[in-house]
Amino acid sequence: MSEFKSDFLHTLQERGFIHQTSDNAGLDALFNKETVTAYIGYDPTASSLHVGHLTQIMMLHWLQATGHRPISLMGGGTGMVGDPSFKEEARKLMTVEMIEDNITSLKHVFANYLNYNEGPNGALMINNAEWLRPLNYLEFLRDVGRHFSVNRMLAFDSVKTRLDREQSLSFLEFNYMILQAYDFVELAKRYDCRLQMGGSDQWGNIVNGIDLGHRMGTPQLYALTSPLLTTSSGAKMGKSASGAIWLNADLLSVYDFWQYWRNTEDADVGRFLKLFTTLPMPEIARLSAIGGAELNEVKKILATEVTTILHGRAAAEEAAETARKTFEEGALAANLPSIDVPAAELEAGIGVLALFVRAGLAESNGKVRQFLKDGAVRVNDAVISDDRQLIGSGEITGDNVIKLSLGKKKHILVRPA
């Protein structure tokens, strides 16, 4: 790949964010010439984003850090349709109220990565419902729909995959790519937005927007995508054995978020330092050269730096200290994640399978059974092997908690309520 001269593209390239652009030279020249406005779209399908979204969020962060203006576009309109890209079935339709609640929740996360100030490169959070909900259908068909070739749309990988599997693709979902393309045109007209970024699976949708802009008289628009990220072992980012790695602290504790990064596979440490921290590149090069047992210390640095951006330095260091006390001193750290269970239930006793699922340490009873066979299930540090064992008030320690552990690194405190 060519060497970029602009700060933004050079930063993205050396940190491993760039998969593809629509025009390397043209985009580089644009960034060298003026303050560029660029956007990434997020459909509010849940109340929180997860770790799988962090690559794109960090791209917006670096856009602003190098003097340009980021737009985090909330899909209040497109969220009513749902992106069909590479999904096996249609998303569940959401009400306007559900969408608005999710957008409110998502705003808290973005504020940790972007500065929404009034300056020339102050970030903007915009809702595409502003222009999509008031659309007149017949006028939209005439003015926008006429620019789309159904033959070309059917050739898109996101559509083709569904059709090749003979899975239903509704007319509603088929419209999604038209709406996303129209978003790009509206942002270009309203905010002089010249670039759309996203994951590599969004390439077809983004190029669609460039083409529509060309037909509807916008200045030249551009596309930039990042690689779809997996761990070295092939696991998809954003998921763990016990569920999604959410970015909102009310869905995933700061400690569990820190611990997720602490458990990074050895081969991914250097790559993740580049993508998910703001450490200078020389420091990342130094840390990436460390191997052997000392690599565990680098993983702690990775975990603390990633957690600091999202939750703040104090919370990140508290999570690191909780981990140190738990693993290195064997102490019962009060800051471990906890769940409240009614005292009456504990008096009667709860099955070990149900309790571990309830605590979020496993997805199902079957998973807990497998962990039991592996000797990975402990209550108050004692290994449990009987899948019929009841856990209750008899296990409450002097600290008035029951400590549930899965392996060496996952711990939850049960507190009587």
Side-chain angles (χ1 to χ4, degrees), residues 39-61 70-117 122-135 170 172-173 175-177 179-180 182-183 186-187 190-191 196-199 202 205 237-240 242-257 260 307 309-312 315 337-340 358-360 363:
Y39 89 99
I40 297 177
Y42 299 87
D43 277 344
T45 53
S47 62
S48 173
L49 300 174
H50 57 69
V51 161
H53 294 103
L54 263 188
T55 307
Q56 274 74 52
I57 296 175
M58 289 301 292
M59 286 163 70
L60 289 176
H61 167 83
I71 294 176
S72 47
L73 181 69
M74 297 289 102
T78 44
M80 298 180 72
V81 176
D83 184 358
S85 296
F86 303 99
K87 300 288 183 292
E88 293 184 359
E89 55 187 27
R91 291 183 186 273
K92 187 178 75 172
L93 293 181
M94 298 189 297
T95 65
V96 172
E97 292 73 22
M98 290 164 65
I99 290 170
E100 294 296 341
D101 286 348
N102 285 346
I103 288 174
T104 301
S105 181
L106 294 181
K107 283 180 180 176
H108 299 302
V109 166
F110 282 99
N112 296 307
Y113 295 88
L114 301 174
N115 189 355
Y116 292 93
N117 58 32
L124 301 173
M125 181 167 280
I126 297 164
N127 188 339
N128 65 12
E130 288 177 26
W131 53 82
L132 291 182
R133 283 188 196 158
L135 280 176
S170 71
L172 181 70
E173 293 175 285
N175 274 268
Y176 185 92
M177 63 183 77
L179 297 178
Q180 184 173 334
Y182 185 64
D183 280 345
E186 281 291 330
L187 288 171
R190 294 173 183 230
Y191 301 98
Q196 183 182 170
M197 302 187 291
Q202 291 296 317
N205 286 335
M237 290 291 290
K239 296 279 188 181
S240 73
S242 53
I245 305 301
W246 299 109
L247 302 184
N248 284 34
D250 58 335
L251 293 180
L252 186 80
S253 72
V254 177
Y255 173 85
D256 281 337
F257 184 79
Y260 173 80
T307 306
I309 302 175
L310 179 59
H311 295 296
S338 65
I339 60 166
D340 293 332
R358 186 164 167 180
E363 292 175 311

Closest heavy-atom pair and its distance - I71, L60: O-CD2, 4.0 Å

Please tabulate, one pair per line, all N/O donor-acceptor pairs under 3.5 Å involving side-chain atoms of residues 243-250, not counting sequence neighbours.
residue, atom, partner, partner atom, Å
N248, OD1, S48, OG, 3.1
N248, ND2, S47, O, 3.4
N248, ND2, S105, OG, 2.9

H50 NE2 to Y260 OH distance, which is reported to the nearest 0.5 Å: 10.0 Å

Spatial distance of atom CD1 (I103) from atom CG (N127) [nearest 0.5 Å]: 4.0 Å

Spacing of L252 atom CG and H311 atom NE2 [to the nearest 0.5 Å]: 7.0 Å

Nearest heavy atoms of G75 and P44, plus distance in Å: O-CD, 3.3 Å

Rounded distance [0.5 Å steps], CG in D183 versus CG in N128: 4.0 Å

Side-chain H-bond candidate by donor/acceptor type, Q196 with Q180, under 3.5 Å: yes

Minimum side-chain heavy-atom gap T307-Y255 below 4.5 Å: no

Residue pair M74 / L106: nearest heavy atoms and the distance that separates them: SD-CD1, 4.1 Å

Intermediate values then yes/no, side chain to side chain contact (heavy atoms under 4.5 Å, CB included), Y182 and T78: CA-CA 11 Å; Y182 185 64; T78 44; over 6 Å; no

Inter- and intrachain pairs under salt bridge (Lys or Arg N to Asp or Glu O under 4.0 Å), touching residues 46-61, at least two apart: none

Non-hydrogen atoms of S253 and P337 that approach each other most closely: OG-CG, 3.4 Å

Y39-Y191 aromatic ring centre distance below 6.0 Å: no

Single hit among K107, M125, Q56 for side-chain contact (heavy atoms from CB on, under 4.5 Å) with S72: M125

N102 side, atom CG; I99 side, atom CD1 - distance, nearest 0.5 Å: 8.0 Å

Side chains of V109 and Y42 in contact at under 4.5 Å (non-hydrogen atoms): no

Set of salt bridge (Lys or Arg N to Asp or Glu O under 4.0 Å) partners for R190, sequence neighbours left out: E130, E186

Interatomic distance, I309 atom CD1 to M58 atom CE [nearest 0.5 angstrom]: 4.5 Å

